[in-house]
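Below, read A as the first sequence line, B as the second, and so on, with proteins coming before strands; counting in each chain starts at 1. All values derive from a computational prediction rather than experimental measurement.
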Amino acid sequence: MPELPEVETMRRGLEGLVGRRVAAVAFPRSRVRPSSVEPRPLAIARRIEGRTIAAVVRRGKRLVIELAGSTRGEPPVWLAIEPRMTGLALVADPPTREHVRLVIELVPTPARGAATRFVFWDRRGLGTIRLFDAMELEAACGMAKLGPDGLGVTADDLASRLGGSRRGVKVALLDQRAVAGIGNIYAAEILHRARIDPRTPCVRIRRDAWERIADVARALLAEAVRHEGSSLGDDTYRTADNRFGRFQRRHRVYGRAGEPCKACGTAIVRIVQAQRATFFCPSCQRRPGRAITAGCGVASRTRLP
DNA sequence: CGTTCAACCTGGGCGC
DNA sequence: TGCGCCCAGGTTGAAC
């Protein structure tokens, strides 16, 4: 589920936790798959109970809660939560009592409306919870693992990291080492607004098109953050205080197979790339050098010799 | 290097 | 109602 705009919205909803102290940590009904929680729940609890939340940051699609060094002189640690498909980071009541994976009880504060706890709820349970020290955080969420953040990505970033690739551009945009934060929804929406066919091999994309993709990506992701992300179904992504996002109303292609393109009326097509659905408008989105049909406010053009 | 497939999971929707 | 199948916002590792 959550891509950059959704995770960023969650993060903003958790900023009020900064300065709060962790009273207790619980992993209810934890069927701890070895790969989903690390280290073991008891070890995590022992290491963060009593600490103060120093910051809540985002690294790509991950939420990272920084816990200040302890009074005993232990260095800071970072709790990295990756919601994957169905994870929700909440300060409100979770959708169900089932599927609550982690509860962090906070030391009460007199401030009005202050949260009492943080809850990570994850229906499918594909999400991960990991506690890192500084070195581990860098290894797992650093530059080697994640490319530049989608909100700040530039044409230079894209051209240098993907320009030599023969992969289709839509598949390439999902590569978190190239750009961090773009997922299946926003890859489709970005390419529609940039008028690029998602199957176009990166090597065939010229400089002006990379500029368009980067400009659209930054603007679209920022717009989606302003609308607090995309909530598709009823039991889907919510903000930290349990409200739906609103950006789904502005989707132009994602999930709209067979429906008319909002720009030209042509039926939106669904294909599969790298085992994942891709939605696009076959009229508005062309491979470089191919004619673009009327209807998108773009003049036709032909391949240069 | 790139692609494909399977896995990890739960649950909604659809056809029969 | 029930069953079987397909689908889903993500990531990883193995096989080719």
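- Counting only N and O atoms by type, the side chains of E6(A) and Y186(A) include a donor and acceptor under 3.5 Å apart.
- Between dC5(C) and dA6(B), the distance separating the two P atoms is 15 Å to the nearest Å.
- Regarding L232(A), its CG atom lies at a distance of 11 Å from the P atom of dA8(C), rounded to whole Å.
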Under 3.5 Å between N/O atoms: give me all the protein pairs with nucleotides 11-16 of chain C, atom names plus distance.
unit_1, atom_1, unit_2, atom_2, d
dT11(C), OP2, K61(A), NZ, 3.0

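- Put simply, the side chain of L79(A) reaches to within 4.5 Å of the side chain of L102(A), judged on heavy atoms.
- Taking only side-chain atoms of Y254(A), from C-beta outward, the nucleotide of dT3(B), dA8(C), dG11(B) with the closest atom is dA8(C).
- Going from atom CD1 of I190(A) over to atom C1' of dG9(C) covers 14 Å, rounded to whole Å.
- Residues R161(A) and D175(A) have side chains not in contact (no heavy-atom distance under 4.5 Å, counting atoms from C-beta outward).
- Taking a pair as Watson-Crick or G-U wobble with both distances under 3.5 Å, DNA chain B forms stems of 3 or more consecutive pairs at B:2-8 with C:10-16, B:10-16 with C:2-8.
- Residue S165(A) places no side-chain atom within donor-acceptor reach of the base of dG2(B), judged by atom type and a 3.5 Å distance cut-off alone.
- Between the P atom of dG10(C) and the CG atom of D175(A) lies a distance of 13 Å, rounded to the nearest Å.
- Per the geometry, CZ belonging to R123(A) stands 18 Å off P belonging to dC8(B), to the nearest Å.
- Rounded to whole angstrom, the span from the CG atom of L173(A) across to the C1' atom of dG9(C) amounts to 16 Å.
- Two residues are said to be in side-chain contact when any heavy atoms from C-beta on lie closer than 4.5 Å; I53(A) and L14(A) fail this criterion.
- Two residues are said to be in side-chain contact when any heavy atoms from C-beta on lie closer than 4.5 Å; V57(A) and W78(A) fail this criterion.
- Taking atom CG of residue L220(A) and atom C1' of nucleotide dG9(C), one finds them 14 Å apart after rounding to whole Å.
- Taking atom CD1 of residue I185(A) and atom C1' of nucleotide dG10(C), one finds them 12 Å apart after rounding to whole Å.
- At least one side-chain heavy atom of R58(A) sits less than 4.5 Å from a side-chain heavy atom of L4(A).
- Taking the six-membered ring for Trp and thresholds of 30 and 60 degrees, H99(A) and W121(A) have ring planes more than 60 degrees apart, a perpendicular arrangement.
- Atom pair Q275(A):CD and dG2(B):P shows a separation of 16 Å (rounding to whole Å applied).
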